[in-house]
Participant: 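One structure, as structure tokens, below. Some questions next.
Computed from a predicted model, the values in this text were never measured in an experiment. So that the names make sense, note that chain A is the first sequence line, chain B the second, and so on, each numbered from 1. Values reported hereafter were calculated over all heavy atoms of this structure, with side chains retained and with hydrogens, waters and symmetry mates removed.
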2 protein chains.
Amino acid sequence: MSRNVEGNLSGNGSGNGNGDGIYRSRASDPSVRRLSDYHRILEDLERSGAEVVSSARLAALAGTNPAQIRKDLSYFGSFGKRGSGYRVAELRAKILAILGLDRRWKVALAGVGNLGQALLAHKEFSRYGFDIVAIFDVDPEKIGHRIAGVEVSPLEDCARVVTLRGVELCVVATPVAAAQVVVEKLSEAGVRGFLNFAPRQVETRGKVELRNVNLTIELEGLTFALHKAGR
Amino acid sequence: MSRNVEGNLSGNGSGNGNGDGIYRSRASDPSVRRLSDYHRILEDLERSGAEVVSSARLAALAGTNPAQIRKDLSYFGSFGKRGSGYRVAELRAKILAILGLDRRWKVALAGVGNLGQALLAHKEFSRYGFDIVAIFDVDPEKIGHRIAGVEVSPLEDCARVVTLRGVELCVVATPVAAAQVVVEKLSEAGVRGFLNFAPRQVETRGKVELRNVNLTIELEGLTFALHKAGR
DNA sequence: CGCTGTGAATGTATTCACAGCG
DNA sequence: CGCTGTGAATACATTCACAGCG
């Protein structure tokens, strides 16, 4: 039973499921996160008609430095042309593929509280290739209802529903007490990746990716900094 | 004009407003994030009646190692007893104070879309000392209405409202296009810390703390890992 | 020339290992 | 003895600086 030791808290904990991957890349986790950022900036550039971009320009837009950009990209190949820079559309497509976003992903939502409902309606998810194809809850009031066109299923049926609809990822927006059970049941049913919003460590078995997002911790980071500075 | 260069993406960007603080501490940002986690675990332990806890036990619960715990704490003082460990209640209180959570904070919410509404209802915020005392939006349909007991004010009035209600922090849950303006106006009005959910880099002026949370990036971290492992 | 791509250098964070106090 | 607190060692991430290609 792995307890995802490394990353933690609000932003991490890539499970150690590192089954011999496609890439030899020693890309760090922060580096991969920046790729997502570069991708968004490249979308903007593409929309604005830019054809090429240098690492210097990209760095300015991303709030980092040119060497960082080049290093991040170099983990995955060499996409630029010396002397001129990177072709915007091409680089964007490459990053999309690196991130695994060149296809759509089937996602379940567990827990339909405030946060769950907001995430359901979150347009960015569908825009970047995530389709919510199943919703789980334990509340009898909610089960059977349709939210955003998806029927709420009882957690007990998850094995069946996951298989039937091909669920690959799950967003866990349940109360703290339920998060562990949800992850256990769904990973047994074959779900390989979890995004957990419940503010507790969740244990995983086998090759499962889990990352935690904790909204309160982010605010606490602010109060620490302000309090520390004596404000 | 600082562009908060360092951290970025989903979990960072502590503005460089490091006005000579109270602590000499070289506590790293990840270290501070872990403190928040330890605090939650200590709450659980306290509730379950534990009087003392060792760094080993705490590490097991937090999914890290004992040395990490001791090092994280040592940045702020020495709170344990050699031979026995840490007194749970006492350590919890110390961490609370370190994080600046030994008082309540006045928070504004900007943008009352899905996400904004979910954050408003998010019980954890109030539980950890954050009171939403103002809401800003630009939509005439929303202005004037009360949500969760707080009237929605037009963004133009923010200077007046911020002063009047003593707003210290702001959660930015607006569309991308509005985030920059919101941060500019509110920081001019005296708000010192921002938690930004809009997936774009926002520039800040002066001693302002800003961190970004990007929900999509977290999912992209999962797809990267799974795609990479060939799944 | 101007830019990328990358080893080498620096800077940060984590872990080790042990001295020292309760 | 058992544990904390912490310098020293290691591992990791970022930045420098320059060789080399278009």
Participant: In plain terms, say whether B/D131 and B/R104 are close enough for a salt bridge, that is, a side-chain N and a carboxylate O under 4.0 Å apart.
Facilitator: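 Between B/R104 and B/D131 there is a salt bridge, with a charged N closer than 4.0 Å to a carboxylate O.
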
Participant: Could you state the CZ-P distance from B/R26 to D/dG7, rounded to the nearest angstrom?
Facilitator: 16 Å

Participant: Looking only at side-chain atoms of B/R82, point me to the closest of C/dG5, C/dA17, D/dT4.
Facilitator: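 The closest nucleotide is D/dT4.
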
Participant: What's the CD-C1' distance between B/Q68 and D/dT6, to the nearest Å?
Facilitator: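 Going from B/Q68 (CD) to D/dT6 (C1'), I get 14 Å.
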
Participant: Using the closest heavy atom to pick a nucleotide of DNA chain C for each, name whichever of A/V53 or B/G83 lands nearer the 5' end.
Facilitator: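 Comparing both residues, the 5'-ward one is A/V53.
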
Participant: With a cut-off of less than 4.0 Å, is there a side-chain N or O of B/R34 near OP1 or OP2 of C/dT14?
Facilitator: yes

Participant: Between the side chain of B/T223 and the main-chain N/O of A/L99, is any donor-acceptor distance below 3.5 Å?
Facilitator: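 Yes: the side chain of B/T223 pairs with the backbone of A/L99.
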
Participant: B/F79 has an atom CZ; how far is it from atom P of D/dG5, in whole Å?
Facilitator: 8 Å

Participant: With Watson-Crick and G-U wobble geometry limited to distances under 3.5 Å, how should the secondary structure of DNA chain C be encoded in dot-bracket form, using | for bases paired to another strand and [ ] for crossing pairs?
Facilitator: ||||||||||||||||||||||

Participant: Is any NZ, NE, NH1 or NH2 atom of the basic residue among A/D72 and A/R33 found under 4.0 Å from an Asp or Glu carboxylate oxygen of the other?
Facilitator: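 Looking at A/D72 and A/R33, the cut-off is not met.
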
Participant: Please check the phosphate of D/dT14 (OP1 and OP2 only) for any side-chain N or O of A/Y75 closer than 4.0 Å.
Facilitator: no

Participant: Given D/dT15, C/dT15, C/dC3, identify the nucleotide with an atom nearest to the side chain of A/N65.
Facilitator: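 So the nucleotide nearest the side chain must be D/dT15.
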
Participant: Given atom CZ of A/R87 and atom P of C/dT4, what is their separation to the nearest angstrom?
Facilitator: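 Those two atoms, CZ and P, are 14 Å apart.
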
Participant: Among B/E43, B/E51, B/E46, which one satisfies side chain to side chain contact (heavy atoms under 4.5 Å, CB included) with B/V88?
Facilitator: B/E46

Participant: Measuring to OP1 and OP2 of C/dT4, would you say a side-chain N or O of A/S55 lies under 4.0 angstrom away?
Facilitator: yes

Participant: Where the side chain of A/H227 meets the backbone of B/A97, is there a donor-acceptor pair that is under 3.5 Å apart?
Facilitator: yes

Participant: So does B/R40 pair up with B/E124, basic N to acidic O under 4.0 Å?
Facilitator: yes

Participant: Could you tell me whether B/R92 sits above the aromatic face of B/Y86, with NZ or CZ closer than 6.0 angstrom to the six-membered ring centre and within 45 degrees of the axis?
Facilitator: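 B/R92 over B/Y86 ring: no.
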
Participant: Compare the minimum distances between each of C/dA13, D/dG5, C/dA8 and the side chain of A/K71, then state the nucleotide with the smallest one.
Facilitator: C/dA8

Participant: What's the CG-C1' distance between A/L73 and C/dT4, to the nearest Å?
Facilitator: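 Rounded to the whole Å, the gap is 10 Å.
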
Participant: What is the distance from CG of A/L91 to P of C/dT4, rounded to the nearest Å?
Facilitator: 11 Å

Participant: From the list D/dG5, D/dC3, C/dG5, which nucleotide is the closest neighbour of the side chain of B/Y86?
Facilitator: D/dG5

Participant: Of the nucleotides C/dG22, C/dG5, D/dT14, which one has an atom closest to the side chain of B/K81?
Facilitator: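 The answer is C/dG22.
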
Participant: Taking atom P of C/dA13 as reference, at what distance in whole Å does atom CG of B/D29 sit?
Facilitator: 8 Å

Participant: Could you state the CZ-P distance from A/R33 to D/dT14, rounded to the nearest angstrom?
Facilitator: 12 Å

Participant: For the side chain of A/S74, counting heavy atoms from C-beta on, which of D/dT4, C/dC3, C/dG5 is nearest?
Facilitator: C/dG5

Participant: Hey, is the side chain of B/R70 pairing donor to acceptor with the base of D/dG5 inside 3.5 Å?
Facilitator: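 Indeed there is one.
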
Participant: State whether the number of non-hydrogen atoms from other residues, nucleotides or ligands found under 6.0 Å of A/E90 atom CD is greater than 12.
Facilitator: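 Counting neighbours around CD of A/E90, more than 12 heavy atoms of other residues, nucleotides or ligands fall under 6.0 Å, so yes.
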
Participant: Here's a test of your reading of the structure: between B/G77 and A/S28, which maps to the more 5' nucleotide of DNA chain D?
Facilitator: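 The residue closer to the strand's 5' end, by nearest nucleotide, is B/G77.
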
